[in-house]
Each structure stands twice: as structure tokens, then as C-alpha cells.
Amino acid sequence: MAADELRSEPAARRRVVFGEAEVSDFDETNDLPVESMPLRMGPSHPAMHGTIRIALDVEGEKIKTSDIQIGYLHRCFEKECESATWTQIFPYTDRLNYVSPMLNNVGYALAVEKLLDIEHKIPERAQYIRVVVGEVSRIADHLTCLGASAMELGAFTVFFYLIKAREWLWELLEEISGARLTHSYVRIGGVTADMPEGWAGRLKDVLVKSREAIADADKLLTNNKIFRDRMDGVGIIAKADAAGWGLTGPVARSTGLAYDVRKDHPYLVYDRLDFDVPVGTTGDNFDRYAVRLEEITQSMRMIEQALAKIPVGPILIDDVRIALPTKRETYNTIEAMIAHFKLVMDGIHVPPGEVYSFTEGGNGELGFYLVSDGTGRPWKCRVRPPCFANLAILDKVLPGLFIADVVPTFGMINMIGGECDR
Amino acid sequence: MADPTQAPQEMVTVVIDGKEHKFPKGSNLLEACRSVGADVPFFCYHKGLSSPAVCRQCLVDVKGAPKPVPSCYTPVADKMEVTTNSPKILDVRRQMLEFTLLNHPIDCPICDKAGECSLQKQYFDWDAKLARNEGIKVRKAKVVDLGKHIVLDQERCILCTRCIRVCDEVAKQSELTMAYRGSHQVLTTAPGHRLDNPYSLNTVDVCPVGALTSKDFRFARRVWELSTVPSICPGCATGCNIEIHASRGKIHRLVPRENPAVNKFWMCDEGRFEYKAVHENRLLLASQRGKRAPLESALAEAARLLREALAKDPSKVGVVFSALASNEDTHALARLALDGLGVGRCYLGGRPLGWSDKILVSADKNPNTGGVERMVPPPLRTLEGLAADVASGAVTALLVLGNQDLALEPGKLCALVVLSSHQGPLVQAADVALPSATWAESDGTFTNRDGRVQRFHAAFPARGEGMPAWRALALLGSKLSVDLAYASAAEVFADAATRHAFMKDVPWGAQSLPVLLRFGDSRG
């Protein structure tokens, strides 16, 4: 889609919504000429979640040009990884997309496991648990995105409803991992701990409660005229652009591009679960909202199926070169003590080679490109952060919109600084 | 391995893991296997010692032999077919490790060897199975004071006998032995004897586990926090090749580095403590007549004093070289004083003669006497002569390199400029004292007793205003209109090599930056 076409599209749709073409339409030639004015949003701005700077040139309320400036949350994640053991990187991955750390944990673990060639040796129970906690994390991610965006458009109640549901989920993740937000729960070869007694039942209960909360939010929001006016036809991305710019995740799917790593390149046990990939039609902000809302439902379906199918068994690979032995063995036998020492001090010795492994993160394709030189630390660890690509197209989307459109459009891209800037 | 100085050896063909290789007849099978990439592990074997074949870790299959054979004890023979990685051999290796670990204490967190331990490495590489037995381990003595420098933990000992062979074959003093048998077997000294030979700390280096520890290094630092650079021991004229193991600007130990032509795998105990002086009693800042002075003004004052003395009577100006200074520092001083300023009276300072033996230790306790004597034209006078020359008024101005042990009659000199890494009476008496770097803090070369020029590398930069002496001399030269525009020790070396035949064909070599031991292999 050409840039002009993209720009004219919101205006055209806005005519339909307002039904008053003459009033709302913006006529560049007949309107009073206005002086171009620079407007800088961020890096510290209530709507710029994370830290990002959007340098706008506006004419009146209308955006002429925009320049997305990222990097304010750069923490040298990739460089830091080179001096950490393969296992020590998990806490770093927690801080990529910090709204869904479990998905980052899983994505990174799968990449290292691919390099170690032990994918087929990961216990099935661990694979199911990874799917469950990953999908719980995805729901939390989407709830945050939707709740925060609604709040930014004035719907504060919805924020409370959704964040309340998120909190129930995070409490469960805290119960299984020991940490509410930075879980570091997954390990190369499995997961750190099994599900606590009764955890699956509590999760099912929480899903029931969450469904109610989400239904309330849905009622308040989806057919709300104020909300729809801000979302419909705003920030349209064409399907061809989505593919061309490398967009993935809910943002790409909102344009009709039905790409989901879980479906197209199944990993773990996703091929054994029945779920749909929701897609949008116009690629506007409302579609992104709707796709995320439906993905929450699909994730809940997946969790319920996984909990029904989860087998009994070990949760960590049986190999002392990869998985830490138990505390009892470590303190009582020299073999386990050496293994523990070598794993902690030297790290897992990953054979030399390189790998690109990708999973469906909260925002789309989360890729890890790893290079090993055979030592206990990666020679290179590169992340493909989904929202980096998703955010890039914002430069193209914003011109032609109003200043007030920046907030929902940026919100629906769901840029997470920790992941984008690394 | 075969002695390369002998006439061409008869070669034999050996098949190792299905591939044919040629080796000199009689080569050690273990070395042969490892030289072609077959990773055969071992504990008791050591390249510099005889092979007792006690650890059974290097067992390989030789076609025709009824049982696996210890490769460290087997010479290669023609048409030998060797397997090092069959399931059977891997299982044998694993089972041997299981035996070795059976009574090994659970000491890794408190063991000095952890991180560079052969047993840890081999367990991870070749066993990696959890214990089948959580039974009670045999208890032995944890702290046995073996000698002046060594503590033994008998529980950690895996009875490889390397230390016994070091005492027998390197130090030629058989103090260590095994006592008792079976699981009661322990390493010990003979009753009434102590492990106090001058090479005793080599036993710590060869110990594959943490049984023998150095009292000096014990509990000082975890090994993976250390970084290593290759260096040369400054303790005597032998010039043993060593590694400096340092952490954050502090040396924690010196260990020998293999050089078949000089020290093989060993160094003496005295040499290991040479590092202590690097951190003691250092001259860190420039001073004028005992008072702290900015480096720039100290240099200007030194230049003024020397210029005036030379203007008065050049024949009464002396320069003191140091047998402890590197070839580069010596060359820079010679270029400045002899070629640039026209000084004619040269003296040689350094440490006095000491004890020696026929193994490694030289009587000359200076690392670079050979270099100074080759670089400075005779006559090279002694320090005793200097004291007399000062007393008689034959010398009235002095430029001194090094913290020389020299008592001068006060009030006799009109100029005393000292370039030293350490504090001392001469520095106190100096008109101008300039701080310099020690051997551990600078790049350079020493020329040992055989005329061998050997390179050492800086482990960390000098503290305070300290800088390599050649650089300080170049700065002094610029104030005296003597152009010594050296940017690096390599340039000084290259300049020296064009003027001195003994350095001509010696390569300077690549720069070795400190490498964390964590990234090295087991040193065991």
C-alpha cells in the first residue's frame, strides 16, 4: 500500500464513523495554513510505556512526520550474555519482554536445547508445563496491553478489571516459580520445579474468574462508542506491509496475516493442542484489540487442554552435564558435587555451532540466534525482539493521524522497552 | 617421546581409532594418541616424569592384548592397532573414575584446586553419572603439615604418585612415599623427615587434585578469578619460564611454564616468592631530595643536574646499570648515557651471588647479567669500585638504574638521579628519584645465563607514576636533547636488535594479554 493511500484511509473511515463527512474531513488545501511545530513525546511520558521518544512534527493537531527513537532502555543484554553461563542468562531473558517472562524463558531454553541437540530428550511433562506457564504469561501480556490502552483512552475501570485478572495469573506463576514477575523458571533441559500440589485446579478456577472479568471488560469496551471512535480505522497497516516489514504476532495477525509460530512451526506440544489463530480484516487499532482479546480465549483453551493431557514424570532432563543434581545428592556425593560445581562455575558445555530458534512470544516471533564456541558461555547471543520490527512500521503509520491517535496506536503495537532495546 | 637430537628414528605405523599414523619407534603410546587428537585422559602420567601406570585412567585397547593396556606405559610398535573410544574403553574409563571418586571427600567448595582440578574435569568429560552409593567414605588426615611450604590433605589424594616422582626425579631427594595399602593407603613423608627440598612446590603443580596445597596460596584466591600471563622468573640467571597468576593488580602465585630448553616443567621454591617484592616497599611517586615532586618537575630537575655535571666535568659522571633490569631498560640507559650524553664510567649493580645447584638454581641471582654484559661496552665496574670512586672524588654525579644496595659518603655527589621501582637508602639520598615499573608490570626481555633472550609480559600496569624505565629514560632524554623516541618496549627491542648481535635473530613475539584461568584448561 502506498503511503498516500495509507494516510487517506483513516480519514475515509472516520467519515463513516462520524457520518458527517463535511465536518470531520480534513482538507489540506482549503484549511487554514498552520505552522509546523515540533512535538516530542517521551522518553518520559505517561503513554510511552517503557522509555521511548517519538519526535513528531505536527501541523495543528495533525501529524506531518514522526521519528521513532528507541534505545533508552538498552542494557547490553546481548553483550552481557557473553560473560554469563548459558544458565545465568535466564534472569536476563526475564527482563526482555518483562510482561511475559515465561515466554522468553521458554524461547531461550528451546534455542540452547536445539544447539545441544537434546530437544527430543526433554521430558514430556516439562514440555506441557512450559506450554501452560507460557500461555498464562501470554494472557497476562495481552491483559496488560489491553488494560493499559483502555486506561489511556479514559477507561480506567477496564484497566482495573483486567489487571485484577492478571494479578490472579501472576500469583499462580509466583506460586510455581517463586517470583511474581521475574520468574527464571525454565531451565535448559526442563523446568526448575514441578507444579505445586493443587496448582492445576487453582489455575482452572482462575481461568473461570478471569473469563468473567474479561467478559465485563468486553462489555464495557468492545461496543463503547468513545472507545470505538478512537480505535476504528486508526493506525491501519496493510497485510502486504505487515509481511514486508517483518511484523509478527497480534500486530501482523490484525492485518489478516495468519502467521503464528505455534501453528506454522509447532514446538513443544502445540501440535497436539486444538486452537485457532484469530486474524483481523483491516489492520487498524480495533483489529489489534480484537485479535488480542480472542487470543486470550484461545490461550485459555490451550491451557485447559494441556492440563488435561499432562503426563506424570520427570520435569528435568536426566543428564548431570546439563541439569543440576538435587541438593541432597550434591551435599552427599562427590559426583553430584563436581557436577554442581562444574555447571555453576563453568556452565553447560554447549557444542560449537550456531542456531536460530524462534517461538511465539507475547508480541510475535521471538527469535534467539546463538553461537557457541564449545565453552560454558555463549560466544554470541542475539535476540530478534518481535516489537522491534513491529515498532518500526509506526513511522509509516503515524503521519496523517492526529496527536491523540498516537496513544492508542502506540499502545496497540505494544512496544516493550526491555525487549525492543535489550 | 623420542629424543630429537638423535639420528633419524625408525618410524612405525600405528592404527589409532581406525586411522594410520606414523611415529618414531618406541614413542609413548599415550603421547602418540593425544598427538593425533585421541583424547586419552590420565592422572598419574606426566610428560616430565617416569610412568608408573598406577591410575589406570589411560587404558586403551590394543589388538591382540588380552586386557586393556595403560597407554602411558606402552611404547608404540609397528602394526599396532589401538582403540581409544570403543564402548568398552569408555566404560572402563568411567568405572576407574567411579573407583577414584568412591572415597573422595565432598570438598569442591573449600578446595583450592576446584576450577583447575583434573578430577573434576575428567568426571565431567568421561563419567557424568551420579553416585550409586552414598556410603560413608574412608576418613584420613585433612591437614598434614608436610614441610615448609606444603600442606597435605590425605583424603583428597588419589594416590597417583606424581609428587613422589617429582621429589625422586627432579629434586633428587626422596622425601615422599606411600604408606599402607588398599583404601588405607596414604601419602606421607618418612618418619622424622620433612618435605623441604628446594623444589617442593612443584609437587603442588603436578598434584591433579587439591591434596597438596601451597601454604602461600592456600585459601588466598579462587583460581578462576586469576588471570595468567607468560613471564620469566627474575630470581636468578637461569630464567625459568613462568606464568604470573594475578588478580586485580596483585600477583597471587607464580607457576612454571613448560620450556624443554630451560626449565622443562619446573621452578625452584625461591623463585615462586619473587612476586612478593612486587607489592612491597614500592616507590610510587617522583621525589626531589626526599620530598614528593610532580613528575614533570622531577624530570626537569634531573636533566638540569645532569647537564650541569656534564658541563663541569664529563669524566666525573657515572652511570649504574642493573643486572635486574630488562634488555630494553638497559638499552635505553646505554643509548641515553653512553651514546647521548657521552658518559664513560659504567658500573653494574644487582644482587650479590648466592647458592646454586646443578638442577635449576644459578649462583648469579640477577636475571639479566648476561644482557647487560653484552650490551654495555667494558669496562663494567663493580659497586664496590663505585663507593671508592665517590669517596675519592673520581665520580661527582651519578645516574642510577635500580634500587642498588649502595652506601655512599654523604655530601660527595653534586648530582644523584635514581630510577627505581622500590624505596631504599639510595632513593632517600637521591636528588631526584623517579619511579619505575617492575618486571611484572612491563613488557621486555631478559638474557639468561646461556645467552637466551626470553620475553616476559606485563601482568598489569604499574601503580602510581611508575612506568617502564625505558620510558622514563626516554622522557629524561627529551629534556637533555637526546632523541629516544620509543613508543613501546617492542621499539626499544627492535632498536637494540639492530645494534647487538645476540638479540638479532630473536623474535619479539606477539603480545600476551592476561587471560582468565577460567577460560583455560585444567592445569592439573
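We name chains A, B, ... by the order of the sequence lines, and we start the count at 1 in each one.
Heavy atoms of B:N103 lying under 4.5 Å from chain A are absent altogether. Only the backbone of B:K129 comes within less than 4.5 Å of a heavy atom in chain A; its side chain stays farther off.
Residues A:K342 and B:K121 form a side-chain contact, since some pair of their non-hydrogen atoms from C-beta on lies under 4.5 Å apart. A:I334 has its side chain within reach of B:K137: a pair of non-hydrogen atoms, C-beta onward, lies under 4.5 Å apart. At least one side-chain heavy atom of B:P109 sits under 4.5 Å from a side-chain heavy atom of A:M337.
Shown here is B:K250, whose NZ atom has more than 12 heavy atoms of other residues, nucleotides or ligands within 6.0 Å. Heavy-atom neighbours of A:Y270 OH from other residues, nucleotides or ligands within 6.0 Å: above the threshold of 12. The number of heavy-atom neighbours closer than 6.0 Å to CD1 of B:I136, taken from other residues, nucleotides and ligands shown, is 12 or below. Environment of CG in A:D373: crowded, with over 12 heavy atoms of neighbouring residues, nucleotides or ligands closer than 6.0 Å. Annotation for A:W379: atom CH2 does not count as buried by contact number, only 12 or fewer foreign heavy atoms lying within 6.0 Å.
The two residues B:A128 and A:V320 have their closest heavy-atom pair at O-CG2, 3.2 Å. When all heavy atoms of B:C108 and A:F341 are compared, the closest pair comes out as CB-CD1, 4.1 Å. The shortest heavy-atom contact between A:Y331 and B:I106 is O-CD1, 3.8 Å.
Note: A:M345 CE to B:W224 CH2 = 4.0 Å, rounded to the nearest 0.5 Å. For the atom pair CD1 of A:I338 and CD of B:Q122, the computed distance is 10.5 Å after rounding to the nearest 0.5 Å. A distance of 8.5 Å separates OG1 of A:T330 from CG of B:L130, quoted to the nearest 0.5 Å.
Between the side chain of A:R321 and the backbone N or O of B:F124 there is at least one donor-acceptor pair closer than 3.5 Å.
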